[in-house]
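Here is the structure we will look at.
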Amino acid sequence: MARANDEAAALIQELADLLSITGGDAFKIRAYEKAARAIAGHPEDISTLGLAGLKKIPTVGEAIAKKLADYNATGTIRQVEELRAQIPAGVRALTAIPTLGPRKALVLYQELGVSSVAELSEAVERGRLRGLKGFGAKSEENIRHGIELMRQAGERVLVDVAAELADGIVAALRDVPGCRKITHAGSLRRMRETIGDVDVLAASDDPRPLMEAFTALPLVAEVIAGGDKKTSVRTTTGLQVDLRVVPPEAWGAALQYFTGSQAHNIRTREIAFRQGLKLSEYGLFDSDSGELVVSETEEEVYERLGLPWIPPTLREDGGEIEAAREGRLPRLVTAEDIRGDLHTHTDLTDGTAPLERMVAAAADRGLEYYAITDHAPNLVMQRMTDEKILAQRERIRELQKEYRDLTILHGAELNIDPDGGVDWDADFLAGFDVLVASVHSHFTQDRAAMTRRFVTACENPHVHVIGHPTARGIGRRAPVDADWDEVFAAAARTGTAMEIDCFPDRLDLPADLIRRALRYGVKFSIDTDAHAVAHFRNLRYGVGTAQRGWLTPDDVINTWPLDRLREFLSKKP
DNA sequence: GCCGTTTTCGGCCCGACTGTTTTCAGTCG
């Protein structure tokens, strides 16, 4: 289901990871990592490419092209299989724990025989790490905390993993005979940031062909339960997928029911009950006579309950029922409203595609404006210089001549230092069209210091957007600690937008903080933070998060026409 | 393993931070 590019990139990345555990040449490892990113971000489907085409992917040379050809032919890469035989998969999984890298993972495996996160957890609790060279009390605590962080994400997957799986299943079953309608429901339809299991709903008078086609899909590892109304499977990646088939006339009620949330459904059923009605996945019924009232569309169900249709992203019993009753549901921002992207990278820093390709892809997306915001010099590893960024500005001005409907903005992603300062002096900063400022270091400052840091950044007249504000990595790194009320007040006061970073493992700001910021009158920017052309498709997750934060197009500066945006950018005190 | 206006070899992502050391290895962005 996943794109061949993603699967192949994952294999090359795995090759890099396994080599770093076995102690391979660091430059070779880095070459694999670079190539993995380039492959994932490559616009062409690699399964359609021959050796020559594969070598045209930047950072892919003779050797990696051959490995990709190997993947195209066999679905795997021989060298990866060989290394897997040496290093259990669980050892590689250990490196997902913060502060645990490949070297320490290898020590744990060789000295203690630890080859899974569960085994490591047990070893920690039994004090088996004590005395192990390189592991002290602090390491033990870090590992314990890191495992806890992973457990919080639990067995859930990031929204993009679930979305791509669901899209693939829907596409594979859509044309099965008798299938009238099919879509995903559940927490994925509500665009939760992580998904526990995938719900797919189909309408058909004859469920059998659908169920048979479903269990025959190549991604199915195990059929947990198989019936006429519901079939549950576990995929090869361990995720549970439920397919429910309902009669076409019950579509609306079923979609409403299986979309949830449970809390939202409890509220809607209560409303039905008070009106002498009964709401179930089969329809809205008269309590006394048992007669069907409505069931065909969600709109009818809500309407009969005296409510307008409520967008799935609001269905959390977070005030949407009251808002619906009082006619103050927001007109939520959609992907179609987005006119521009204010945070993107090129291969001048850590992006994988050159400026020209990113801009061309932005034009293909139909964007009206597009900002290039490569990393600034204080993120030392990116090796940015004044000369390089000014040369980029020249190239952008040249390139602009080739585009009539797309305005290319020149920006940068600044680093907010521990005191709230940023790269470059005011004169230099004034030369940019738009500036995003982000926290990339010193994540563990205490709340007071972190709050001051953000407030100072907001007060900088050249900073327009605070990038991925909490700096969290879902299941990977805790958000920074700040007094967000104070930060949002400062953002509103200074006309600084808060970013909603679309990366599925960031989704930052998170929805709850978006809603909190909204109360202060903060404006937002929904940015892909694209490091490759393929990252543009993450927009849907950022938009979903913005919807969960109740945002309208007016709240989001990159839905605005360019002149209004420019006014916002220039009006900082 | 990749790459090239420094081109077929010799560079390549550098520096800070953390924790465990007692002079540094591992991790991270």
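All values below come from the heavy atoms of this structure, side chains included, with hydrogens, waters and symmetry mates left out. So that the names make sense, note that chain A is the first sequence line, chain B the second, and so on, each numbered from 1.
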Exercise for review: Name the orientation class of the two ring planes belonging to His468(A) and His343(A) (parallel below 30°, tilted from 30 to 60°, perpendicular beyond 60°).
Suggested key: tilted
Among [options], which nucleotide has an atom closest to any side-chain atom of [X]?
X: Lys138(A); options: dC13(B), dT20(B), dG1(B); result: dT20(B)
X: His442(A); options: dG1(B), dC17(B), dG29(B); result: dC17(B)
X: Arg103(A); options: dC14(B), dG19(B), dT27(B); result: dT27(B)
X: Phe443(A); options: dG29(B), dG26(B), dG1(B); result: dG29(B)
X: Thr59(A); options: dC3(B), dT27(B), dC12(B); result: dC3(B)

Protein-nucleotide distance ([X], atom [atom1]; [N], atom [atom2]), rounded to Å:
X: Lys34(A); N: dG1(B); atom1: NZ; atom2: C1'; value: 10 Å
X: Lys28(A); N: dG10(B); atom1: NZ; atom2: P; value: 19 Å
X: Asn142(A); N: dG26(B); atom1: CG; atom2: P; value: 16 Å
X: Phe135(A); N: dG19(B); atom1: CZ; atom2: P; value: 14 Å
X: Ile29(A); N: dG26(B); atom1: CD1; atom2: P; value: 13 Å
X: Lys66(A); N: dG1(B); atom1: NZ; atom2: P; value: 10 Å
X: His531(A); N: dC13(B); atom1: NE2; atom2: P; value: 15 Å
X: Glu62(A); N: dC3(B); atom1: CD; atom2: P; value: 11 Å

Sticking with atom [atom1], work out how far [N] lies from [M], rounded to a whole angstrom.
N: dT8(B); M: dC12(B); atom1: C1'; value: 16 Å
N: dT22(B); M: dC17(B); atom1: P; value: 22 Å
N: dC28(B); M: dC13(B); atom1: C1'; value: 12 Å
N: dG11(B); M: dA16(B); atom1: P; value: 23 Å
N: dC9(B); M: dC14(B); atom1: C1'; value: 23 Å
N: dG26(B); M: dT21(B); atom1: P; value: 12 Å
N: dA25(B); M: dT20(B); atom1: P; value: 16 Å

Revision key, fill the gap. For Leu18(A) and Val80(A) the tightest heavy-atom approach is CD1-O, 4.2 Å
Point to revise | Pair His462(A) and Phe432(A), ring centroids less than 6.0 Å apart | key: no
Check your understanding: Given the rule in the salt bridge (Lys or Arg N to Asp or Glu O under 4.0 Å) test, do Arg78(A) and Asp70(A) qualify, once you have shown the distances and angles that lead to the verdict?
Key -> CA-CA 8 Å; Arg78(A) 189 174 49 81; Asp70(A) 191 14; 5.2 Å; no
Exercise for review: Decide whether Thr451(A) and Glu486(A) meet the rule of one side-chain donor and one side-chain acceptor closer than 3.5 Å.
Suggested key: no
Check your understanding: Side-chain donor-acceptor pair under 3.5 Å between His345(A) and Asp529(A), yes or no?
Key -> yes
Mind checking [X] for me? I need base, sugar-phosphate or nothing, with any heavy atom below 4.0 Å counting as a touch.
X: Leu100(A); value: sugar-phosphate
X: Ala137(A); value: sugar-phosphate
X: Lys55(A); value: nothing
X: Ser441(A); value: nothing

Point to revise | Pairing partner (Watson-Crick or G-U wobble, both distances under 3.5 angstrom) of dT8(B) | key: none
Exercise for review: Answer yes or no: does a side-chain N or O of Ser139(A) lie under 4.0 Å from OP1 or OP2 of dT20(B)?
Suggested key: yes
Review point. For dT21(B), does either OP1 or OP2 sit under 4.0 Å from a side-chain N or O belonging to Lys133(A)?
Key: no
Revision key, fill the gap. Per nearest nucleotide of DNA chain B, the residue lying toward the 5' end, Arg383(A) or Ala105(A), is Arg383(A)
Point to revise | Approximate separation, where rounding is to 0.5 Å, of Leu565(A) CG and Arg339(A) CZ | key: 10.5 Å
